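A quick write-up on the structure given underneath.
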Amino acid sequence: MNESQPSSLPAGFLWSATKAGIKASGNPDLALALAPEGATAAAAFTSNQVVAAPIVIGRQHIAASDGRVTALLVNAGNANCATGQQGLDACVTSCDTLAALANCGSENVFPSSTGIIGVPLPVEKVTAALPTAFAALAGTEEGADSFRRAIMTTDTKPKSARATVIYKGKSASIFGVCKGAGMIGPQLGPPHATMLVYLFTDIAATPAQLREALGPAVEASFNSISIDGDTSTNDTVLLLASGASGLTLDCDTTDAFRSALNRVTQDLAHQIVDDGEGVTHVVTLHITGAASVADAQAIARTIANSPLCKTAWSSGDPNWGRIIAAAGRSGVIFDPALASIHIGDQPVFEAGTCSPHFDEAAAHAVMLQREYTILLNLNAGQAETRFLTCDLTHEYVSINADYST
């Protein structure tokens, strides 16, 4: 068993994109993916109580089809959220139209939307553009690239990652694409500016096997990042398996497949944070010595979403007081007298107070780097976590102050 970076896309899928006229920019805004022979599927959705129409319909379709998907339809520029019955009807109409083109059941079409909340989806634009997008479907690099670009909103660049699994002369590829730059504080669960993630693989697997692989991969990647702490109404992660490679997911290939999937999801998660709105610094919060992983995650998320911490990071200010204060209000019980904090390799806090080895200039120098790690050791147990976040800048405020206009 071995893994390496692949040079080809997974077999059994076609991709395309076109301009439906939804984005004010006039850029491509309608993306399709097709599995002509069908694909098994697993999905994770936002835990926000307010959900967009495609989340409602997507959940229904995954359940009704027993995890079988033939076509994926994504529109960008309109979230189709908080649009009432009209929004649900628009989503169903879009799926019905694509199902007729793909010669499959409507329940085999998976919808996604991203964009502004509360604006009715111009479904007539979607249905009018679908035949053009369907005719352009291709299993080529160009087709896949057009798909990943069309789903972008405030992203500054397209995002994708790949991996492959090789076993006894057979190989299966994984190709992942995503969008997301703001409104990123995912809290995803299994069949429980937005983050959309689509993972395509040509391994043969059942929906149950895909769910078992997707859950841990999501937890270690997309559930361990935050740009602004806002959980979107549309967050979706979809994993599709065409089975076209001839390699089967079984006891011999499970570990390698999960390892490859984890590499792809963690790569994509990093790309999302790195391309965050106004981001100038990417910060890894490494929480160690926790009593449980849940405790480590709670502390990391609280620090990651603290405006005081995030603004300090934007200027490279080694204000360790904000970090330990955020940890202290996380709801996790720990003894500050036992905790320590390092920024990069620089000690800044220990034994309940400023470290005697604190070198403000050296810590500042670390924080001027594009990426660095803040290590908080609670000395309360053996559990740990890594959580990826970023700074908060004037540019983020400017982007989001004017987003709807």
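Only a predicted model underlies this, so the values are computations on that prediction, with no experimental measurement involved.
T114 and N234 form no side-chain donor-acceptor contact under 3.5 Å, judged by distance and modelled atom types alone. Side-chain atoms of E37 and S242 form no donor-acceptor pair, as typed in the model, at a separation below 3.5 Å. A donor-acceptor pair shorter than 3.5 Å cannot be found between the side chains of N377 and S340. Using modelled atom types, one finds no donor on one side chain facing an acceptor on the other under 3.5 Å when comparing Q266 with N262. Side-chain N/O atoms of T389 and K310 include a donor and acceptor closer than 3.5 Å. Using modelled atom types and a 3.5 Å distance limit, the side chains of D275 and T156 yield a donor-acceptor pair. Side-chain atoms of N27 and S25 include a donor-acceptor pair closer than 3.5 Å.
D250 places a side-chain N or O within 3.5 Å of a backbone atom of T253 that can act as its donor or acceptor partner. With hydrogens and angles disregarded, a donor-acceptor distance shorter than 3.5 Å links the side chain of D29 to the backbone of I22. Side-chain atoms of S245 come within 3.5 Å of backbone N or O of D202 as a donor-acceptor pair. When atom types are taken as modelled, the side chain of S259 and the backbone of D255 share no donor-acceptor pair closer than 3.5 angstrom. The backbone N or O of G278 lies less than 3.5 Å from a partner atom in the side chain of T393, making a donor-acceptor pair. Counting only distance, with no hydrogens or angles, the side chain of N80 and the backbone of L121 share no donor-acceptor pair below 3.5 Å. Put simply, the side chain of Q86 never gets that close to the backbone of P120: no donor and acceptor are under 3.5 Å apart. A distance-only check finds no donor-acceptor pair linking the side chain of K170 to the backbone of L247 [under 3.5 Å]. With D391 contributing its side chain and H281 its backbone, the two residues share a donor-acceptor pair below 3.5 Å. Side chain of S314 to main chain of T311: a donor-acceptor pair is present (N/O by atom type, distance under 3.5 Å, no hydrogens or angles).
Put simply, OG1 on T201 and CG on L240 are 10.0 Å apart, with the number rounded to the nearest 0.5 Å. With rounding to the nearest 0.5 Å, the separation of OG1 in T153 from CD1 in I116 is 9.5 Å. Going from atom CG of D89 over to atom OG of S94 covers 10.5 Å, rounded to the nearest 0.5 Å. Once rounded to the nearest 0.5 Å, the distance linking OG of S355 with CD of Q346 reads 9.5 Å. Taking CD of E219 as the start and CD of Q297 as the end, the distance is 6.0 Å to the nearest 0.5 Å. Rounding to the nearest 0.5 Å gives a distance of 8.0 Å between OG of S16 and CG of L30.
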Can you list the steps and then say if F175 with W15 is a ring-ring contact (aromatic ring centres under 6.0 Å, His included)? CA-CA 12 Å; F175 171 57; W15 298 269; 5.7 Å; yes
I'd like to know whether N48 forms a side chain to side chain donor-acceptor pair (under 3.5 Å) with T233, so could you lay out the CA-CA distance, the side-chain angles of the two residues, the decisive distance to 0.1 Å, and finally the verdict. CA-CA 6 Å; N48 197 317; T233 56; 6.0 Å; no
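Residue Y372 forms a side chain to side chain contact (heavy atoms under 4.5 Å, CB included) with just one option from V366, T284, D345, and that option is V366. The side chain to side chain contact (heavy atoms under 4.5 Å, CB included) test with L32 is passed by exactly one of L14, L101, V74, L98: L98.
The two atoms that bring F257 and A213 nearest to each other are CE2-CB, 4.0 Å, heavy atoms only. For V197 against C178, the heavy-atom pair with the smallest separation is CG2-CB, 3.9 Å. In this structure, L72 and F200 approach most closely via the heavy-atom pair CD2-CZ, 4.1 Å. Shown here for R322 and A312, the closest heavy-atom pair between the two residues is NH1-CB, 3.6 Å. Annotation for L376 and A327: closest pair CD2-CB, 3.9 Å, computed over non-hydrogen atoms.
Shown here is D335, whose CG atom has more than 12 heavy atoms of other residues, nucleotides or ligands within 6.0 Å. In Q85, the CD atom is crowded: over 12 heavy atoms of neighbouring residues, nucleotides or ligands sit closer than 6.0 Å. Around the CD atom of E124, the shell of radius 6.0 Å holds more than 12 heavy atoms that belong to other residues, nucleotides or ligands.
Between T265 and V218, the closest side-chain pair of non-hydrogen atoms is not below 4.5 Å. In this structure, the side chains of C104 and V109 come closer than 4.5 Å at one or more pairs of heavy atoms. Side-chain contact between D295 and L378: absent, with no pair of heavy atoms (C-beta onward) separated by less than 4.5 Å. Side-chain contact between T206 and T40: absent, with no pair of heavy atoms (C-beta onward) separated by less than 4.5 Å. Side-chain contact between F45 and V51: absent, with no pair of heavy atoms (C-beta onward) separated by less than 4.5 Å. The closest side-chain heavy-atom distance from I151 to K159 is not below 4.5 Å.
Ion pairing of K157 with D274 is present here, as a side-chain N (NZ or NE/NH1/NH2) and a carboxylate O approach within less than 4.0 Å.
Listed by chain and residue number, nothing satisfies the salt bridge (Lys or Arg N to Asp or Glu O under 4.0 Å) test with R68 (two or more places apart in sequence, or in another chain).
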